Amino acid sequence: MAANLLDFDLEGLAAFCDGLGEKRFRATQLFRWIHQKGAGDFAQMSDLAKSLRDKLAGAAQIKPLGVISEHTSADGTVKWLFDVGNGDAVETVFIPEDGRGTLCLSSQAGCAVGCRFCSTGHQGFSRNLTTGEILAQLWHAEHHLRPRLGLAAGERAVTNVVMMGMGEPLQNYAALVPALRVMLDDHGYGLSRRRVTVSTSGVVPMIDRLRDDCPVALAVSLHAPDDALRDSLVPLNRKYPLAQLLAACKRYLDTAPRDFITFEYCMLDGVNDSLAQADALVRLVRQSGVACKFNLIPFNPFPASGLSCTPRARVLAFAQRLQDAGLVTTVRKTRGDDIDAACGQLAGEVQDRTRIGERMRRIPIVVTQPAQGV
Ligand code: SAH
Ligand code: SF4
């Protein structure tokens, strides 16, 4: 079977070219054609010898993902639904802001973590994406957006990548790391480590591996100030409780490109949003000694969750409480509302393969209200 060249980082491509009897600089040329110029066809690669192009055409392919749908929001947000075969689809979202373009990528079809408030979690897990499938989302977005946005030569549509689409990236580590390397490579997308963010629900051993293998900006989905509540919202917490998770965050900062961890906190009405819980959160992160910033995410409700979003005024009061305690806190703007592109809404019409959603709704959420002023 023809190798998919989107599966390779530059080292991998060099090894592949070596196998074809080609020198390393040919691999670099090929890599630049694919990732910088968006070539999908070897015939386009005009500075490669015809003999090499023919050899490649027999042994390799640049495999795009089929587009099921594309929607553009009134605010410029673009959402693609890509076909990854066997009835599975993943979503990718582009969010333009002043001077930057953030692309939110999926890492898995479905997700095995099964967070209570996440529509992907309610779908159950189907499979890991390959490196090629992770990168095909970026490749497609970058090279389709450039002409559409009327960018000058050398300008990039995607300036930031966040692994915040469907799936838990640190449960697909082997495919994730080469994809990150291509994003960072000067011959690839040339993004700085600070502009590539991996978001995780807290896979502690893999946070440590990422720290050594490919440190990029890290976002950790916290969602609760204590283990009892976090156990019921993010089931992975039973395996890696808060003390272990925060210790891993602290270790991560040794090599991280940013000097803080971003803690994401999805605001759920009556569940994790009281001021007493904000105070407990302050104590938790202070004790841990992890330099951090908070990003409060208004919950995107979906019927099967049985949960609702904290009213705006209380989101702001919670944010203020963290700010007053000296924690830098932002409230995520919701974008692309008219096309259902907001975070956590990525599954679109939820396909519940494993009936995990049904099982989840039967498990009660444990809300422990911490004592005030302790
Ligand atoms: N699995 C990783 C990355 C993908 S989820 C993680 O959990 O971090 C990306 C972010 O979207 C996470 O912070 C997640 O908690 C949040 N999220 C999931 N469902 C959501 C929803 N319905 N509303 C708002 N945010 C949600
Ligand atoms: Fe998976 Fe992240 Fe959704 Fe949790 S929030 S189910 S880890 S995608």
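First listed ligand is number 1; within each ligand, the first listed atom is number 1. In this chain, numbering begins with 1 at the start of the sequence shown. Computed from a predicted model, the values in this text were never measured in an experiment.
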If you measure from each heavy atom of [X] to ligand 1, is any distance below 4.0 Å?
| X | answer |
| --- | --- |
| Ser119 | no |
| Pro298 | yes |
| Gly165 | yes |
| Pro301 | no |

Heavy-atom closest pair, residues [X] and [Y]:
| X | Y | value |
| --- | --- | --- |
| Phe8 | Phe31 | O-CE1, 3.8 Å |
| Leu176 | Leu170 | CD2-CD2, 3.9 Å |
| Ser308 | Phe299 | C-CD2, 3.6 Å |
| Gly85 | Asp83 | N-OD1, 2.9 Å |
| Leu284 | Leu246 | CG-CD1, 3.7 Å |
| Trp80 | Leu145 | CH2-CD1, 3.9 Å |

Basic-acidic side-chain contact under 4.0 Å: Glu22, Lys55: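 Here Glu22 pairs with Lys55 in a salt bridge, since their nearest N and O are under 4.0 Å apart.
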Can you name the residues that come within less than 4.0 Å of ligand 2, going by heavy atoms only?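 If the criterion is a heavy atom under 4.0 Å, then ligand 2 touches Cys111, Val113, Gly114, Cys115, Cys118, Gly121, Gly167, Glu168, Ser201.
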Counting only N and O atoms by type, is there a donor-acceptor contact under 3.5 Å from the side chain of Thr255 to the main-chain atoms of Arg211?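 Confirmed, Thr255 side chain pairs with Arg211 backbone.
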May I ask you to identify, for [X], whether its side chain, its backbone, both or neither come under 4.0 Å of ligand 1 on a heavy-atom basis?
| X | answer |
| --- | --- |
| Thr200 | backbone |
| Glu168 | both |
| Cys266 | side chain |
| Ile297 | side chain |
| Met166 | neither |

So, using salt bridge (Lys or Arg N to Asp or Glu O under 4.0 Å) as the criterion, who are the partners of Arg53 when residues are at least two apart? none
Check ligand 1 against [X] and write out every atom of the ligand that is under 4.0 Å from a heavy-atom position of the residue.
| X | result |
| --- | --- |
| Cys118 | 18 (C), 19 (N) |
| Met163 | 3 (C) |
| Ser221 | 6 (C), 7 (O), 8 (O), 12 (C), 13 (O), 15 (O) |

Candidates Met164, His223, Gln171, His122; heavy atom nearest atom 14 (C) of ligand 1 found on His223
Verify side chain to side chain donor-acceptor pair (under 3.5 Å) between Gln29 and Arg32, making sure each step is shown before the conclusion. CA-CA 5 Å; Gln29 269 180 313; Arg32 292 172 68 99; over 6 Å; no
